[in-house]
Asks: 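Please read through the structure below; I'll follow up with questions.
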Amino acid sequence: MRNRILFCAAVVFGLSIAYVDSRPGWDATGITAFSMLMFAAILGFFGPRRPWLWALGIGLWIPLHAFVAKPSAGSASMLIVMVFPLAGAYAGMGLHYLLRGPARQRP
């Protein structure tokens with residue numbers, strides 16, 4: 001149940017960021033990248049077992065929008081955007097394990 005909630009949150013965050021990024025007047029790439037990094041870090045902290053899933057839920061929407069809007073404009077290069085949510089999610093996971101300590105083994 002917790003993973004479903006976190007994934008829904010990742011998709012909502014990702015769609016929100018992609019919507020703002022797709023607006024014609026928006027030209028703040030740094031804020032977009034920082035938002036993806038931070039939201040992914042928060043989700044990676046609270047769900048450290050699947051950081052890749054949170055990164056996909058957040059970061060996939062901007063390259064998908066670029067591919068749908070302009071398929072011939074080299075939108076495959078937009079996949080570099082995935083670096084920010086991946087880095088954030090894995091940093092959040094690392095912080096979680098750093099603060100929590102080593103995982104305890106179940107008998």
Side-chain angles (χ1 to χ4, degrees):
M1 183 66 164
R2 179 175 160 180
N3 287 332
R4 289 181 184 170
I5 292 170
L6 290 174
F7 183 70
C8 288
V11 169
V12 168
F13 288 146
L15 284 172
S16 300
I17 293 169
Y19 174 76
V20 170
D21 189 62
S22 69
R23 301 295 89 202
W26 184 258
D27 194 26
T29 307
I31 294 174
T32 300
F34 183 73
S35 298
M36 289 192 305
L37 184 97
M38 290 310 296
F39 284 128
I42 291 167
L43 293 175
F45 182 80
F46 288 112
R49 292 190 181 193
R50 292 189 174 92
W52 59 271
L53 187 60
W54 318 142
L56 280 177
I58 289 174
L60 195 61
W61 304 107
I62 292 176
L64 186 63
H65 177 265
F67 179 73
V68 170
K70 301 173 222 160
S72 63
S75 52
S77 64
M78 284 295 293
L79 289 175
I80 194 74
V81 168
M82 291 298 296
V83 167
F84 298 103
L86 279 168
Y90 279 96
M93 178 193 73
L95 184 62
H96 173 86
Y97 287 128
L98 182 70
L99 295 177
R100 183 175 167 224
R104 294 185 181 153
Q105 297 292 328
R106 291 185 179 167

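Quick caveat: nothing in here was measured; it's all calculated off a predicted structure. By convention here, the first residue in the shown sequence is residue 1.
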Asks: Kindly compute the distance separating CZ (Phe34) from OG1 (Thr29), expressed to the nearest 0.5 Å.
Replies: 15.0 Å
Asks: Using the test side chain to side chain contact (heavy atoms under 4.5 Å, CB included), find all partners of Ala18 that sit at least two apart in sequence or belong to another chain.
Replies: Trp61, Ile62
Asks: When you group the ILVMFWY residues by side-chain heavy-atom contacts below 4.5 Å and let the links chain together, are Trp52 and Ile42 in the same group?
Replies: yes
Asks: Between Val81 and Gly59, which heavy-atom pair has the shortest distance, and what is it?
Replies: CG1-O, 4.4 Å
Asks: Take a 6.0 Å sphere around OH of Tyr90 and say whether it holds more than 12 heavy atoms from other residues, nucleotides or ligands.
Replies: yes
Asks: Can you measure from CD1 (Ile58) to CE (Met38) and round to the nearest 0.5 angstrom?
Replies: 11.0 Å
Asks: What are the two closest heavy atoms between Leu37 and Ala87, and how far apart are they?
Replies: CD1-CB, 4.1 Å
Asks: Taking atom CZ as the centre, does Arg23 end up with more than 12 heavy-atom neighbours from other residues, nucleotides or ligands that are less than 6.0 angstrom away?
Replies: yes
Asks: Indicate yes or no: at least one non-hydrogen side-chain atom of Trp54 is less than 4.5 angstrom from one of Asn3.
Replies: yes
Asks: When Ile, Leu, Val, Met, Phe, Trp and Tyr are grouped by side-chain heavy atoms lying under 4.5 Å apart, directly or through other members, which residues fall in the same group as Ile5?
Replies: Met1
Asks: CZ/Arg50 to CZ/Phe7 distance, rounded to the nearest 0.5 angstrom?
Replies: 11.0 Å
Asks: Given the rule that I, L, V, M, F, W and Y join up when any side-chain heavy atoms are under 4.5 Å apart, are Leu64 and Leu53 in one cluster?
Replies: yes
Asks: Are any of the side-chain heavy atoms of Pro48 and Tyr97 separated by less than 4.5 Å?
Replies: yes
Asks: Check the hydrophobic clustering (I, L, V, M, F, W, Y; side-chain heavy atoms under 4.5 Å; chains of links allowed) and say if Leu6 and Leu99 are grouped together.
Replies: yes
Asks: Do Val11 and Val20 land in one hydrophobic cluster if side-chain heavy atoms of ILVMFWY residues count as linked below 4.5 Å?
Replies: no
Asks: Are Phe46 and Leu95 joined in one hydrophobic group, where the rule is that I, L, V, M, F, W and Y side chains link up if heavy atoms are under 4.5 Å apart?
Replies: yes
Asks: Do Ile31 and Trp26 come within less than 4.5 Å of each other through their side chains, counting heavy atoms only?
Replies: yes
Asks: Taking atom CZ of Phe13 and atom CE of Met36, what is their separation to the nearest 0.5 Å?
Replies: 14.0 Å
Asks: side-chain contact (heavy atoms from CB on, under 4.5 Å) between Ile17 and Thr32: does it pass, once the steps are laid out?
Replies: CA-CA 7 Å; Ile17 293 169; Thr32 300; 3.8 Å; yes
Asks: Taking atom CG of Asp21 and atom OG of Ser16, what is their separation to the nearest 0.5 Å?
Replies: 12.0 Å
Asks: Provide the closest heavy-atom pair for Ala89 versus Pro51 in the form atom of the first, atom of the second, distance.
Replies: CB-O, 3.3 Å
Asks: For residues Met82 and Leu56, report the shortest heavy-atom separation together with the two atoms involved.
Replies: CE-CD2, 3.6 Å
